[in-house]
Amino acid sequence: MPGPRLLALSSKPRRAWPTDRPLEDALDRASTSGEGPMAAPQPPRVRTLLRLTRTEPGLRAVWLQAHDDAEPVFARALADRAGLAAVDLRSEIQAARLNAALRAAVEHYAGRTDEEEPDPATAQAELAATVRSALVVAANGIS
């Protein structure tokens, strides 16, 4: 879920996400370093909360609002990374694509396992793999 950890990555794109490396590399480093957006979300708890967004309208609204709030931050980070002085249409579209991929990945992760209490390390690896896959799809665009 785009929270402070992922927004922190987006606010320091040049250091955390060098221009010559894909975003998946930055997320991989963050998930294995003990720092960053995927280091401490406790995937089993995230999964449980996200499952509730399907049946609890108030939680769904908060979840979607969090993504809506994240999108301009992503657009600014993408514009900065591209060396632009201001957000442009391209960075806004890229931010929307990134945001949608992250939301879909986490929702997919939350809905695909019925295991009550998965092993935290396994859950972390599965979440990271799902996010990585979603970013690859988003990077490839619409076909």
Side-chain angles (χ1 to χ4, degrees), residues 1-113 115 118-143:
M1 114 195 302
R5 293 177 192 343
L6 190 53
L7 295 179
L9 177 64
S10 68
S11 68
K12 299 174 186 165
R14 291 180 190 197
R15 189 181 76 204
W17 180 23
T19 56
D20 64 334
R21 304 300 308 155
L23 178 58
E24 304 93 270
D25 287 359
L27 292 174
D28 281 344
R29 278 193 313 279
S31 68
T32 58
S33 71
E35 300 175 3
M38 296 168 52
Q42 300 180 0
R45 290 183 182 167
V46 170
R47 188 191 66 195
T48 300
L49 181 62
L50 286 172
R51 286 180 172 181
L52 287 172
T53 67
R54 296 181 189 154
T55 58
E56 299 292 331
L59 284 176
R60 184 71 181 170
V62 169
W63 171 243
L64 294 176
Q65 185 63 52
H67 280 277
D68 191 58
D69 293 346
E71 201 161 298
V73 177
F74 292 152
R76 177 73 257 165
L78 290 163
D80 288 348
R81 187 170 188 267
L84 301 175
V87 171
D88 65 357
L89 180 60
R90 180 180 171 95
S91 59
E92 288 176 334
I93 291 169
Q94 289 174 335
R97 189 184 321 176
L98 170 63
N99 200 15
L102 293 170
R103 184 184 58 78
V106 176
E107 289 178 1
H108 176 80
Y109 162 79
R112 73 182 173 107
T113 180
E115 191 175 346
D119 170 66
T122 301
Q124 179 70 29
E126 289 174 355
L127 176 58
T130 303
V131 169
R132 204 175 305 109
S133 294
L135 292 174
V136 168
V137 170
N140 290 331
I142 299 172
S143 56

For Glu71, what residues pass the side chain to side chain donor-acceptor pair (under 3.5 Å) criterion, not counting sequence neighbours? Asn99
Name the one of Ile93, Val87, Leu89 that satisfies side chain to side chain contact (heavy atoms under 4.5 Å, CB included) with Ser91? Val87
Results of side chain to side chain contact (heavy atoms under 4.5 Å, CB included) for Arg103 - residues two or more places apart only: Arg60, Trp63, Leu64, His67, Glu107
Find the distance between CG (Leu127) and CD (Gln124) and round it off to the nearest 0.5 Å. 6.0 Å
Residue pairs, two or more places apart or on separate chains, that pass salt bridge (charged side-chain N to carboxylate O under 4.0 Å, His left out) and touch residues 85-95: none
If I take atom CG from residue Leu50 and atom CG from residue Leu59, how far apart are they, to the nearest 0.5 angstrom? 9.5 Å
Yes or no on side chain to side chain contact (heavy atoms under 4.5 Å, CB included) for Asp68 and Gln65, after CA distance, side-chain angles and deciding distance? CA-CA 5 Å; Asp68 191 58; Gln65 185 63 52; 3.6 Å; yes
Calculate, to the nearest 0.5 Å, the distance between atoms OG1 and CG belonging to Thr130 and Leu102 respectively. 12.0 Å
Identify the heavy atoms of Ala86 and Ala79 that sit nearest to each other, and give their distance. O-CB, 3.8 Å
Once side chain to side chain contact (heavy atoms under 4.5 Å, CB included) is applied, do any residues pair with Thr122, and if so which ones, sequence neighbours excluded? Asp119, Glu126
